[in-house]
Amino acid sequence: MSAGSVRVRFAPSPTGHLHVGGARTALMNWLFARHHGGVFILRIEDTDRERSTPEATAAILSAMRWLGLDWDEGPQTGGPSGPYFQSERRASYAEAAGRLLAAGHAYRCYCTPEELEARRGEQLARGASPRYDGRCFELPESERLRVAAERGPGAVRLRMPPGETSWDDVTRDTVRFSHDELDDIVLLRSDGLPTYNFAAVVDDAAMRITHVIRGDDHISNTPRQIVIYGLLGIEPPRFAHVPMILGPDGSRLSKRHGATSVEAFRDEGFLPEAMVNFLALLGWAYDGKQELFDREDLVAKFDLDRVGKNPAIFNYEKLEWMNAVYLRRLSLDERTRLALAEIETAGLARPATAPVFYSRLVEAIGERLRRPSDVLVHGAFALRDEVTFEPEAWAMVVSEPKARDRLSAVAECLERLPEVSAAAAESAIRALAAEMGVKAGELIHPSRVALTGSRASLGIFDVMEILGKERAVARLRGAASRL
RNA sequence: GUCCCCAUCGUCUAGUCUGGCCCAGGACACCGGCCCUUCAAGCCGGCGACGCGGGUUCAAAUCCCGCUGGGGACGCCA
């Protein structure tokens with residue numbers, strides 16, 4: 001395709017948060033547009049008046065921004081093919097429906113949702129396919145007018161022509177449907193608002209969308225949409241159905257599998273770069289070897305021909321790993337800023353503490369940080385004043401008869417130091433060990449427990465420096481006195 | 001029930017179009033080792049898959065058919 005000709009869109013319905021599945025679809029559209037130098041449009045499909053809310057719209061926009069998926073046309077940005085809210089485009093749906101009605105490709109239906117529901121249930125119970133029986137199409141004009149007077153204007157239904165529809169899907173070759181499987185779908189509801197299949201066609205045509213990239217749960221909608229394009233005399237766009245994202249049990253990803261909304265991941269400390277990288281790899285692969293892609297790399301390498309067709313199970317562990325990778329790439333200042341935010345929300349910020357205390361702490365935690373909130377666990381020893389001893393750790397100290405003397409010796413050693421820097425503490429304690437004729441570890445291990453309450457911690461000399469002479473000595477003496 | 005889609009390690013996948021270079025490669029997880037003051041990280045190594053059955057062919061993960069399994073759709077939801 002020629003450069004600049006690509007126009008794609010992401011069209012969420014504002015009925016909740018941006019789901020990772022939706023985010024992945026948005027990302028692929030965005031990447032495709034950016035890769036081909038095309039246009040990425042955001043369109044809000046708010047035709048369901050019951051469920052659409054302005055809050056959901058705001059949440060989706062904010063999640064999109066957080067992921068860095070900027071749109072060329074859409075809400076707040078505007079653009080030549082607006083408005084970008086379907087609720088504001090009623091006139092064009094009415095116009096299109098009017099044309100179909102006039103041409104005899106559509107008809108008015110006065111069946112109520114309750115009647116339809118009852119018939120559907122009955123068909124299903126019979127083991128038949130639930131389809132609209134077309135009864136309103138067969139209504140004689142006189143009868144039609146009588147029912148209309150009684151029930152109002154009714155809905156507009158498409159008269160499904162006989163035949164079959166097929167298309168060459170970008171990601172999965174030719175897909176074919178017999179029209180026998182497609183019934184007379186509703187185009188316009190009785191409130192005048194369009195249904196999804198109709199609105200999508202009218203808008204995609206008006207916005208000159210060239211490629212519809214969406215989840216493969218839309219495959220069965222595609223023939224209906226193609227029929228509408230045909231009846232309207234419009235050339236349909238190309239369709240690319242990407243595999244769905246499943247939960248660990250293989251069913252559609254939902255809340256019971258854990259976090260599913262983009263903002264939930266954000267709140268759990270995942271970085272947008274990691275999220276984007278991870279999502280891109282769900283259903284797409286470059287060469288099967290490279291796993292880490294920054295945004296520019298993704299834009300350069302992404303294309304639809306490398307999108308697979310099998311559904312992908314959302315692997316939380318791999319996301320965690322990837323997040324840790326991206327976190328490590330951040331500068332110390334950036335990591336400190338993220339960690340400090342966690343410390344503050346946890347209410348563990350220490351008053352009158354120099355900023356360098358936190359950056360030293362984060363620096364010492366180093367690659368143990370998989371999420372910003374990990375600062376709370378790895379930094380607990382410094383952020384809290386009381387030491388909580390893990391039973392096994394304390395037992396280890398107790399089992400060493402010389403532990404009391406050793407802790408006291410370490411305390412004294414630190415006390416004599418003019419300043420407890422990690423380097424100074426290290427040389428002093430190693431010298432002390434040599435002097436006492438023990439291995440450094442024999443001083444270090446009990447000290448770790450005394451200082452942190454645990455057998456696993458940051459580097460022990462970092463711990464000493466971060467705690468500072470006073471707190472460190474007090475903890476060592478405190479532990480010794482308990483022996 | 002009907003229609004549609006999909007099928008390689010536990011998971012994400014490369015390889016399938018253009019059959020041989022694949023006794024199947026990479027990553028996450030897991031296990032072991034090294035490093036080391038512990039943990040983590042890193043490095044090294046290990047475990048681990050072509051769903052089943054028929055074809056076609058000198059040769060099939062790759063092509064064809066059937067089966068099985070999983071998923072999706074069948075709304076005046078999107």
Side-chain angles (χ1 to χ4, degrees), chain A residues 11-15 22 45-48 50-52 109 111-113 116-117 120 123-132 154-157 169 172-173 175-178 180-183 185-191 193-197 199-200 214-223 241 243-244 246 248 250-252 278 281-292 306 308-322 324 328 365-370 374 378 393 426 429-430 439-445 447-449 452 454-461 463:
Chain A
S13 70
T15 54
E45 310 223 321
D46 57 349
T47 54
D48 184 334
E50 246 99 277
R51 299 195 298 153
S52 299
C109 172
C111 300
T112 65
L116 295 168
E117 184 53 44
R120 196 158 29 237
Q123 287 171 319
L124 242 15
R126 258 202 344 255
S129 293
R131 306 256 159 71
Y132 180 63
V156 175
R157 269 186 199 275
D169 201 279
R172 54 195 76 210
D173 304 326
V175 186
R176 190 182 310 276
F177 279 85
S178 163
D180 294 343
E181 305 302 328
L182 279 19
D183 58 359
I185 56 169
V186 169
L187 264 22
L188 242 37
R189 297 183 258 238
S190 30
D191 64 5
L193 281 167
T195 55
Y196 165 70
N197 282 121
R214 63 191 1 172
D216 69 14
D217 48 333
H218 282 290
I219 286 182
S220 60
N221 283 319
T222 306
H241 289 97
M244 301 192 34
L246 274 22
S251 68
R252 199 182 186 119
F278 178 74
L281 254 19
L282 249 28
W284 174 82
Y286 177 59
D287 58 5
K289 304 225 191 288
Q290 184 179 352
E291 304 274 336
L292 268 12
R306 302 288 308 172
K309 30 181 127 184
N310 33 348
I313 290 176
F314 195 93
N315 188 339
Y316 285 89
E317 288 80 33
K318 190 159 182 173
L319 207 211
E320 292 247 13
W321 164 77
M322 198 170 273
R328 273 181 237 135
I365 290 172
E367 62 285 338
R368 294 171 185 83
L369 209 64
R370 292 176 74 85
D374 286 345
H378 293 118
E426 174 153 18
I429 284 166
R430 288 195 189 283
K439 288 194 289 183
E442 296 183 82
L443 261 24
I444 286 169
H445 297 301
S447 296
R448 187 191 310 286
V449 175
T452 70
S454 170
R455 300 177 69 170
S457 78
L458 314 189
I460 191 66
F461 306 114
V463 167

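Letters A, B, ... mirror the listed sequences (proteins, then strands); counts begin at 1. Quantities reported herein were computed from a predicted structural model and do not represent experimental measurements.
A distance of about 8 Å separates the C1' atoms of B:rU62 and B:rG15, rounded to the whole Å. Spacing of P atoms, B:rU37 relative to B:rC30, comes out at 25 Å, to the nearest Å. Distance noted for atom P between B:rC34 and B:rU38: 12 Å (whole Å). Look at the P atom in both B:rC22 and B:rC17: the space between them is 16 Å, to the nearest Å. Comparing the same atom, P, in B:rU11 and in B:rG71 gives a spacing of 14 Å after rounding to whole Å. Straight-line distance between the P atoms of B:rU8 and B:rG70: roughly 14 Å, to the nearest whole Å. When the C1' atom is compared between B:rG1 and B:rA14, the two are found 39 Å apart, to the nearest whole Å. Nucleotides B:rU16 and B:rU57, compared at atom P, are 23 Å apart to the nearest Å.
Salt bridge annotation for A:Lys309-A:Asp216: absent, with no cationic side-chain nitrogen under 4.0 angstrom from a carboxylate oxygen. Residues A:Lys439 and A:Glu442 are not paired through a salt bridge, judged by the lack of any N-O separation under 4.0 Å between the basic side chain and the carboxylate. Classification of A:Arg157 and A:Asp183 as a salt-bridged pair fails, no side-chain N sitting under 4.0 Å from a carboxylate O.
Counting any heavy atom pair closer than 4.0 Å across all strands shown, A:Thr47 reaches sugar-phosphate atoms only and no base atom. Within 4.0 Å of A:Val156, counting heavy atoms only, lies no atom of the nucleic acid at all. Contacts of A:Leu116 with the nucleic acid, taken as non-hydrogen atoms under 4.0 Å apart, include base atoms. Nucleic acid contact class of A:Arg176 (heavy atoms, under 4.0 Å, all strands): sugar-phosphate only. Within the 4.0 angstrom heavy-atom criterion, base atoms lie near A:Asn221.
The shortest heavy-atom contact between A:Ile313 and A:Pro248 is CG2-CA, 3.6 Å.
For A:Glu367, the listed nucleotide lying nearest its side chain is B:rA40; candidates were B:rA40, B:rG75, B:rG26. In the set B:rA29, B:rU2, B:rC12, B:rC12 carries the atom at the smallest distance from any side-chain atom of A:Lys318. In this structure, of B:rU2, B:rA78, B:rC76, it is B:rU2 that holds the atom nearest to the side chain of A:Ser129. Minimum atom distance to the side chain of A:Ile313 is reached by B:rC12, of the listed B:rA27, B:rU38, B:rC12. Here the side chain of A:Ala456 is nearest to one of B:rU38, B:rA27, B:rG15, namely B:rU38.
With sequence neighbours excluded, no residue satisfies ring-ring contact (aromatic ring centres under 6.0 Å, His included) with A:Phe461. Every residue two or more places apart in sequence or in another chain that forms a side chain to side chain donor-acceptor pair (under 3.5 Å) with A:Asp48 is listed here: A:Arg51.
Here B:rC28 presents its P atom at 7 Å from CD of A:Glu291, a figure rounded to the nearest Å. The CZ-C1' distance, from A:Phe278 to B:rU13, rounds to 12 Å in whole Å. Separating the CG atom of A:Leu282 from the C1' atom of B:rC6 is a distance of 16 Å, rounded to the nearest angstrom. Counting to the nearest Å, the P atom of B:rC4 and the CD atom of A:Glu181 are 7 Å from each other. Nucleotide B:rU11 holds its P atom 18 Å from the CE atom of A:Met322, rounded to whole Å. For the pair A:Trp321 CH2 and B:rC30 C1', the computed distance is 16 Å after rounding to whole Å. One can place CZ of A:Phe314 at 15 Å from C1' of B:rA29, the figure rounded to the nearest angstrom. Rounding to whole angstrom units, CZ of residue A:Arg214 and P of B:rA73 are separated by 13 Å.
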query = So A:Leu281 and A:Met322, side chain to side chain contact (heavy atoms under 4.5 Å, CB included) or not? Walk me through it.
reply = CA-CA 11 Å; A:Leu281 254 19; A:Met322 198 170 273; 3.9 Å; yes
task = Show your working on side chain to side chain contact (heavy atoms under 4.5 Å, CB included) between A:Trp321 and A:Arg370 and close with a plain yes or no.
result = CA-CA 7 Å; A:Trp321 164 77; A:Arg370 292 176 74 85; 4.0 Å; yes
task = Check the pair A:Ile219, A:Phe177 against side chain to side chain contact (heavy atoms under 4.5 Å, CB included), reporting the backbone distance first and the verdict last.
result = CA-CA 10 Å; A:Ile219 286 182; A:Phe177 279 85; 4.1 Å; yes
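One side chain, A:Thr222 or A:His241, offers a donor N or O that lies under 3.5 Å from an acceptor on the other.
A:Pro311 places none of its side-chain heavy atoms less than 4.5 Å from the side chain of A:Arg252. Using a 4.5 Å heavy-atom cutoff, the side chains of A:Leu458 and A:His378 are in contact.
Within the 3.5 Å criterion, the main-chain N or O of A:Asp180 finds a donor-acceptor partner in the side chain of A:Ser178. The main-chain N or O of A:Gln290 is found under 3.5 Å from a side-chain atom of A:Asp287 such that the two form a donor-acceptor pair.
A donor N or O paired with an acceptor N or O is not found under 3.5 Å between the base of B:rC76 and the side-chain atoms of A:Thr195. Side-chain to base pairing of A:Gln290 with B:rG26: no donor and acceptor N or O lie closer than 3.5 Å to each other. On a pure distance criterion of 3.5 Å, a polar donor-acceptor pair joins the side chain of A:Arg368 and the base of B:rC39.
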Polar atom pairs between nucleotides 33-37 of chain B and protein, under 3.5 Å, N or O only, would you list them?
{"unit_1": "B:rU37", "atom_1": "OP1", "unit_2": "A:Arg430", "atom_2": "NH2", "d": "3.4"}
{"unit_1": "B:rU37", "atom_1": "O2'", "unit_2": "A:His445", "atom_2": "ND1", "d": "3.4"}
{"unit_1": "B:rU37", "atom_1": "O2'", "unit_2": "A:His445", "atom_2": "NE2", "d": "3.4"}
{"unit_1": "B:rU37", "atom_1": "O2'", "unit_2": "A:Arg448", "atom_2": "NH2", "d": "3.2"}
{"unit_1": "B:rU37", "atom_1": "O2", "unit_2": "A:Arg448", "atom_2": "NH2", "d": "2.3"}

Using a cut-off of under 3.5 Å, enumerate the N/O to N/O pairs linking the protein to nucleotides 62-72 of chain B.
{"unit_1": "B:rG72", "atom_1": "O3'", "unit_2": "A:Arg252", "atom_2": "NH1", "d": "3.4"}

Using a cutoff of under 3.5 Å, can you pull out all pairs of nitrogen or oxygen atoms linking the protein to nucleotides 22-25 of chain B, with atom names and distances?
{"unit_1": "B:rG25", "atom_1": "O2'", "unit_2": "A:Lys289", "atom_2": "NZ", "d": "2.6"}
{"unit_1": "B:rG25", "atom_1": "N2", "unit_2": "A:Gly288", "atom_2": "O", "d": "3.0"}

Polar atom pairs (N or O), protein with nucleotides 8-10 of chain B, under 3.5 Å:
{"unit_1": "B:rU8", "atom_1": "OP2", "unit_2": "A:Asn310", "atom_2": "ND2", "d": "3.3"}

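Between A:Phe278 and A:Phe314, the ring-plane angle classifies as perpendicular under the 30° and 60° cut-offs.
Pair assignment for B:rG1 gives B:rC74, based on Watson-Crick or G-U wobble hydrogen-bonding distances that are each under 3.5 Å. In this structure, B:rG53 forms a base pair with B:rC65, meeting either the Watson-Crick or the G-U wobble geometry with both donor-acceptor distances under 3.5 Å.
Ranked by how close their nearest RNA chain B nucleotide is to the 5' end, A:Gly283 and A:Lys309 are led by A:Lys309.
Summarising the local packing, OH of A:Tyr316 is surrounded by more than 12 heavy atoms from other residues, nucleotides or ligands at distances under 6.0 Å.
OP1 or OP2 of B:rG1 has not a single side-chain nitrogen or oxygen of A:Arg131 nearer than 4.0 Å.
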